[in-house]
Every structure is written in C-alpha cells, then in structure tokens.
*Asks:* 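One structure is given below, represented as structure tokens, and several questions about it will come after.
On a predicted model such as this, the values are computed, not experimentally measured, just so you know.
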Amino acid sequence: MKTHNKSLLKLVLLVLIVIVYFLYMSWKYDAATGFGVAILTWSFFVLCTPIADGGFILAFPIRLLFGIKMFYTQIAVWFVAIGINVFYMTSSVDSYGLSFITQLLEKILSEPYPYWSILIISALGTFLSIFFGDEIMDVASHQKNLQKQQRKAKYRSLIVLILGSLTIVAYYYLLSSLNIDL
C-alpha cells in the first residue's frame, strides 16, 4: 500500500507541475501558445529522459483504473509524443524556440546523428523502468509468484546496471556536445 501512496503522490506532483507550467506559459504568451509549449515540454520528458516521468502521468492511473499494464500505455504515450512533434515540426516549428527545453528538443529531433541516440537510450530506460513498475504492481497484487521474481531480479539488476552506466556515459557526452553543463 505504501508503494501505491508514493506513486499517487508522484502522479499528483507531476500533474501539478504540468498545470503550473501551462499556466505560466499561457500567462507569458497566450493560452494556445502556452498549451503548445507545455505539450512540447511534456513530449521532451517522454522522449528524452530515460525514465517514465512524462508517460507516468497517464500510465499509472490507467493501470489502477483499468488494469492495463503500464508498458502498453507507455507505448501509446510514445506514439502520441512522436505525433505531437511531427505535427509541430511540420506546422509550427517556431513554437520550439519559446523555451530552453523546447529548443533542446528541436535540436535533438532535427539532428539524427548523434542526438537520436538520446531517444534510443531514453526508450530503453523508460520501458525498462515501466516493466519493473508493472512487475512490482503485479507482485503487490499477488498476480505473480514472489520467489520467481526474486530469481529474475539478479539478471534484471545486471541489465539495469549496464543500461544505467551506458545512459550516464552517453548522456554526459551528448549533453556536453549540446553545451549543457550539469
């Protein structure tokens, strides 16, 4: 139950951040432009971060309400985020210039080499984290055998360690090539 409460708190905080950001951008520009910048920023977090933060806003409640695994919801979220960017790249490319994050998103999307590797690494990390989230929720609801999950945990931990190391090295290199200091 504590896992559900923490996840629910994360969901509420993420939704609140999106709403506040939308309101700020709407105040700074106008409602339509604010919506565009907010949704492009959301798509940045879906496509360019190796955790399921942007998609978590939808995946977690859908899992709780309808029992649909977050993995499948996340696939749909990625298609929506890609579709949003195709729309904006073809119809309103100027929207990308309105915030630092959307400028960075445009740079990543418009230069396949080397920046699409950010998308690939992010997809791997996102789907791995969502897969683990689904597994935890399954175990919590007694849908899977706990001992079987513990045996698989060793191999999954190794995969996470390798992907995590790859992500840190690749992100450091790619962000430094974009002149972003952390």
Side-chain angles (χ1 to χ4, degrees), residues 7 10-66 68-131 133 163 166-168 170-182:
S7 296
K10 282 184 189 178
L11 172 67
V12 170
L13 289 174
L14 285 172
V15 170
L16 186 61
I17 289 169
V18 169
I19 290 170
V20 168
Y21 187 69
F22 163 70
L23 292 173
Y24 171 73
M25 286 300 179
S26 296
W27 172 76
K28 187 173 180 179
Y29 299 108
D30 59 56
T33 304
F35 176 77
V37 173
I39 201 159
L40 285 172
T41 301
W42 172 81
S43 75
F44 172 84
F45 286 106
V46 169
L47 299 174
C48 300
T49 59
I51 54 171
D53 44 8
F56 186 75
I57 293 172
L58 298 172
F60 181 69
I62 290 173
R63 172 71 191 242
L64 289 179
L65 294 172
F66 304 109
I68 298 170
K69 292 209 179 263
M70 292 185 292
F71 182 83
Y72 300 119
T73 306
Q74 192 68 29
I75 291 171
V77 165
W78 267 69
F79 277 112
V80 168
I82 291 168
I84 287 167
N85 282 282
V86 168
F87 173 78
Y88 275 93
M89 283 287 206
T90 58
S91 68
S92 184
V93 74
D94 294 340
S95 296
Y96 287 95
L98 299 175
S99 79
F100 174 75
I101 290 176
T102 55
Q103 289 172 6
L104 184 59
L105 176 61
E106 180 184 24
K107 177 97 171 166
I108 290 168
L109 295 176
S110 62
E111 293 186 32
Y113 181 79
Y115 302 124
W116 281 13
S117 59
I118 291 173
L119 303 173
I120 294 166
I121 292 168
S122 296
L124 289 171
T126 295
F127 287 104
L128 191 60
S129 69
I130 283 292
F131 178 76
L163 282 175
L166 174 65
T167 299
I168 290 168
Y171 256 63
Y172 178 77
Y173 167 75
L174 293 167
L175 291 177
S176 66
S177 73
L178 288 167
N179 295 322
I180 298 172
D181 294 321
L182 297 177

*Asks:* Does anything in residues 14-26 form a side-chain hydrogen bond (donor to acceptor under 3.5 Å, both in side chains)? List the pairs, not counting sequence neighbours.
*Replies:*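 Residue pairs passing side-chain hydrogen bond (donor to acceptor under 3.5 Å, both in side chains), neighbours aside: Y21-T41.
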
*Asks:* Atom CG of L104 and atom CD1 of I108: how far apart are they, to the nearest 0.5 Å?
*Replies:*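 The distance works out to 4.0 Å.
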
*Asks:* Can you tell me how far the CD1 atom of I39 sits from the CE atom of M25, to the nearest 0.5 Å?
*Replies:*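 If we round to the nearest 0.5 Å, I39:CD1 and M25:CE are 14.0 Å apart.
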
*Asks:* Are any non-hydrogen side-chain atoms of I75 and F71 less than 4.5 angstrom apart?
*Replies:*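 Result yes, sub-4.5 Å side-chain heavy-atom pair found.
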
*Asks:* Just verifying a value: how many Å separate F22 CZ and W42 CH2, rounded to the nearest 0.5 Å?
*Replies:*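 F22 atom CZ to W42 atom CH2 measures 15.5 Å (nearest 0.5 Å).
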
*Asks:* Drop me the distance from L119's CG to L124's CG, to the nearest 0.5 angstrom.
*Replies:*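 One gets 11.0 Å once the value is rounded to the nearest 0.5 Å.
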
*Asks:* Verify, without hydrogens or angle tests, whether Y29 (side chain) and V37 (backbone) share a donor-acceptor contact under 3.5 angstrom.
*Replies:*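 Side chain of Y29 to backbone of V37: no pair is present.
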
*Asks:* Considering residues at least two apart in sequence or located in another chain, which fulfil the salt bridge (Lys or Arg N to Asp or Glu O under 4.0 Å) criterion with K28?
*Replies:*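 Once residues adjacent in sequence are excluded, K28 has no partner under the salt bridge (Lys or Arg N to Asp or Glu O under 4.0 Å) criterion.
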
*Asks:* Sequence neighbours excluded and cut-off under 3.5 Å, please list the side-chain donor-acceptor pairs for residues 83-93, or say none.
*Replies:*
{"from": "N85", "atom 1": "OD1", "to": "Y96", "atom 2": "OH", "distance (Å)": "2.7"}
{"from": "N85", "atom 1": "ND2", "to": "S43", "atom 2": "OG", "distance (Å)": "2.9"}
{"from": "N85", "atom 1": "ND2", "to": "A81", "atom 2": "O", "distance (Å)": "2.8"}
{"from": "T90", "atom 1": "OG1", "to": "V86", "atom 2": "O", "distance (Å)": "2.9"}
{"from": "T90", "atom 1": "OG1", "to": "F87", "atom 2": "O", "distance (Å)": "3.1"}
{"from": "S91", "atom 1": "OG", "to": "F87", "atom 2": "O", "distance (Å)": "2.7"}
{"from": "S92", "atom 1": "OG", "to": "S95", "atom 2": "OG", "distance (Å)": "2.8"}

*Asks:* Main chain of P114, side chain of S117: is a donor-acceptor contact present, judged purely on distance under 3.5 Å?
*Replies:*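 The answer is yes, because a donor-acceptor pair under 3.5 Å joins these two groups.
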
